[in-house]
Structures are given as C-alpha cells and as structure tokens.
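Here the structure is laid out as structure tokens; the discussion comes afterwards.
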Amino acid sequence: MTTNRMQSVLRHWLWRIVCAASGGLTVSGRWSVAGGCVVVANHSSHADTAVLLAALPPTARPVFGAAADYWFDVPVRRYVATSLAGILPVRRSGDGTYAALLAAARPALMAGRTVVIYPEGTRSTDGTIGEFRSGALRLARDCGVPIVPVAITGTADVLPKDGRYSPAPMHVQVGAPLDPHTTSAPQLRAHVLALRDGAVADAADRYALAS
C-alpha cells in the first residue's frame with residue numbers, strides 16, 4: 001500500500017472514531033466514482049472536513065483545497081492540515097487564485113484522488129448556503145473529471161463558527177456525479193440544496209417515527 005493510501009485509511013478511521021464520539025455520523029448515497037473527481041459541499045463548520053474524511057471511502061483518497069494563509073500560518077493548524085486532514089494549500093491572490101488552485105489540485109486529480117472544495121468560500125453562520133463560486137466547476141472541466149455534490153448537516157451544531165463544541169448527530173448525503181461541462185454553478189448549488197433539504201426531511205421523519 002502506498003504512503004498516501006495508508007494515510008487515507010488512517011485518516012478515515014481516525015475521523016470515524018471522532019465523529020462517533022461527537023454525536024454520531026450517518027452517510028446516505030452511493031459513492032460511484034472510480035478515479036479523480038471534484039467534490040463540492042456546503043460549509044458551516046470546521047467539522048465539515050472531519051465528517052467528509054469519515055464519510056468518503058478511503059479509496060477516494062480525499063484532499064481539501066484550502067487557503068494557505070490560514071492553514072499554514074500557525075504551527076498547530078499546519079500540523080492538522082498536513083497530518084490529519086490532507087489540506088492542499090492554495091494561495092489567495094485575487095485574479096491568480098484559480099491558477100494556484102489548478103496548480104495545487106491537478107496532480108492529485110491526475111493521480112486519481114478526490115479534491116474537496118467548499119465553493120461558498122467561507123463558513124455559513126446562519127444555516128443558509130451561499131452562492132457558489134465557479135472555481136470547482138472550472139477545475140473539473142480543465143482536468144476532465146466529474147463533479148460530485150455532497151450535503152452536510154449537523155456540523156454547525158457540533159462546532160459552530162466562533163462557537164463552542166457540543167456533540168450532536170451529523171449526516172452526509174452523497175449525490176450522483178455530474179458532468180461539469182453541462183452544469184452551471186447555480187445548478188450545482190441547487191443539487192447541494194436538494195440533497196441537504198432531503199436529508200433534513202428524512203431526519204425529521206425518522207424522529208417523528210421514533211417519538
């Protein structure tokens with residue numbers, strides 16, 4: 001087993017254990033991608049990366065495109081980024097940001113890995129899903145890989161932005177792969193919204209049945 005495959009397996013099971021101890025994690029949907037792809041997900045908590053590492057199969061070997069000036073400017077965050085999360089450092093520099101993303105992500109995609117991007121660009125503080133930037137779609141098109149919408153719920157309850165940790169149930173809903181050449185950023189956002197709203201409705205139904 002190669003080093004990065006072993007790292008993916010270890011990260012997967014580490015974060016499965018952490019999620020289990022943080023309120024539990026359920027995963028719906030079928031992962032059907034063989035080879036490189038771009039995953040896009042809504043973003044409301046630093047716990048999102050942990051649940052995706054736990055939810056995606058180790059064979060996906062996920063890495064996360066994230067701001068280099070945040071994740072690599074403090075030793076503790078740098079350790080988490082490189083050892084525990086698999087962060088691809090992307091330097092934010094105005095018009096050159098996409099070029100930096102492409103340079104960081106293309107080798108991983110060509111090696112058959114999954115690159116995760118949060119296209120809102122920042123964590124939501126009120127539960128709404130912001131407009132999607134076009135970088136993830138552009139990356140998938142330029143690298144010739146599918147794009148997979150994923151919805152995450154519950155993480156803002158566990159670790160809200162600027163809030164305190166509190167265990168709560170979390171859920172990941174995996175969507176079907178999309179062709180980036182025939183999908184727009186608003187359509188991609190609509191897919192994630194539909195997945196999230198469906199997961200919330202399912203959770204409410206499960207609660208009602210259990211009550």
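Nothing here was measured: the structure is a model prediction, and the numbers come from that model.
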Practice problem: Report the C-alpha separation of Glu120 and Ile129 in whole Å, then their side-chain angles, then the decisive distance to 0.1 Å, and conclude whether the side chain to side chain contact (heavy atoms under 4.5 Å, CB included) test is met. | Solution: CA-CA 7 Å; Glu120 294 166 271; Ile129 297 180; 3.8 Å; yes

Quiz item: How about Ser166 and Asp157: do any of their side-chain heavy atoms sit closer than 4.5 Å?
Solution: no

Exercise. Might you work through the side chain to side chain contact (heavy atoms under 4.5 Å, CB included) test for Val116 and Leu56, ending with a clear yes or no?
Key: CA-CA 11 Å; Val116 180; Leu56 297 178; 4.3 Å; yes

Quiz item: In Å and rounded to the nearest 0.5 Å, what is the CD1 to CG distance from Ile117 to Leu137?
Solution: 9.5 Å

Exercise. Could you verify whether a donor N or O on one side chain and an acceptor N or O on the other, from Ser124 and His43, lie under 3.5 Å apart?
Key: no

Quiz item: Looking only at heavy atoms, which two atoms of Pro107 and Ala104 are closest? And how far apart?
Solution: CD-O, 3.8 Å

Self-check item: Cluster check Leu14, Ile17: I/L/V/M/F/W/Y, side chain < 4.5 angstrom
Solution: no

Quiz item: Quick check: are there more than 12 heavy atoms from other residues, nucleotides or ligands sitting under 6.0 Å from CZ of Arg141?
Solution: yes

Quiz item: How long is the gap from CG on Asn42 to CD1 on Ile152, to the nearest 0.5 Å?
Solution: 5.5 Å

Quiz item: Less than 4.5 Å apart, any side-chain heavy atom of Val172 and any of Val150?
Solution: yes

Quiz item: For the side chain to side chain contact (heavy atoms under 4.5 Å, CB included) test, which of Val115, Val39, Leu52 pairs with Phe64?
Solution: Leu52

Practice problem: Please report the shortest heavy-atom distance between Leu139 and Val38, naming the atom on each side. | Solution: CD2-CG2, 4.0 Å

Practice problem: State, with a plain yes or no, whether a side-chain heavy atom of Arg61 is found less than 4.5 Å away from one of Gln7. | Solution: no

Self-check item: Minimum-distance pair of heavy atoms, taken over all atoms of Pro146 and Pro177
Solution: CB-CB, 4.1 Å

Quiz item: Any idea which heavy atoms bring Arg196 and Ala151 closest together, and the distance?
Solution: N-CB, 3.3 Å

Quiz item: Are Leu84 and Arg11 close enough, and set up right, to give a side chain to side chain contact (heavy atoms under 4.5 Å, CB included), and what steps lead you there?
Solution: CA-CA 6 Å; Leu84 302 181; Arg11 286 171 182 156; 5.8 Å; no

Exercise. Side-chain contact test, heavy atoms from C-beta onward, threshold under 4.5 Å: evaluate it for Lys161 versus Thr122 and give yes or no.
Key: yes

Quiz prompt | Interatomic spacing from NE2 in His191 to CG in Leu195 - rounded to 0.5 Å | solution = 8.5 Å

Quiz item: Minimum heavy-atom separation for Pro62 to Pro57, with atom names?
Solution: CD-O, 4.3 Å

Quiz item: Any chance the side chains of His171 and Thr26 put a donor and an acceptor closer than 3.5 Å?
Solution: yes

Quiz item: Do Ser8 and Thr59 come within less than 4.5 Å of each other through their side chains, counting heavy atoms only?
Solution: no

Quiz item: Any side-chain heavy-atom pair from Val148 and Val33 closer than 4.5 angstrom?
Solution: yes

Quiz item: Taking C-beta and beyond as the side chain, do Leu10 and Trp15 meet within less than 4.5 Å on heavy atoms?
Solution: no

Quiz prompt | Ile147 CD1 to His181 NE2 distance, which is reported to the nearest 0.5 Å | solution = 11.0 Å

Practice problem: Would you mind reporting whether Pro167 and Val158 have side-chain heavy atoms less than 4.5 Å apart? | Solution: no

Practice problem: Could you grab the distance from atom CZ of Arg133 to atom OH of Tyr118, nearest 0.5 Å is fine? | Solution: 15.0 Å

Quiz item: So Thr155 and Ser44, side chain to side chain contact (heavy atoms under 4.5 Å, CB included) or not? Walk me through it.
Solution: CA-CA 7 Å; Thr155 52; Ser44 58; 3.6 Å; yes

Quiz item: To the nearest 0.5 Å, what is the distance between CG (Asp48) and CG (Leu159)?
Solution: 9.0 Å

Quiz prompt | Closest contact, heavy atoms only, Val51 versus Met170 | solution = CG1-SD, 3.5 Å

Exercise. State whether a side-chain donor-acceptor pair under 3.5 Å links Tyr98 with Ser134.
Key: no

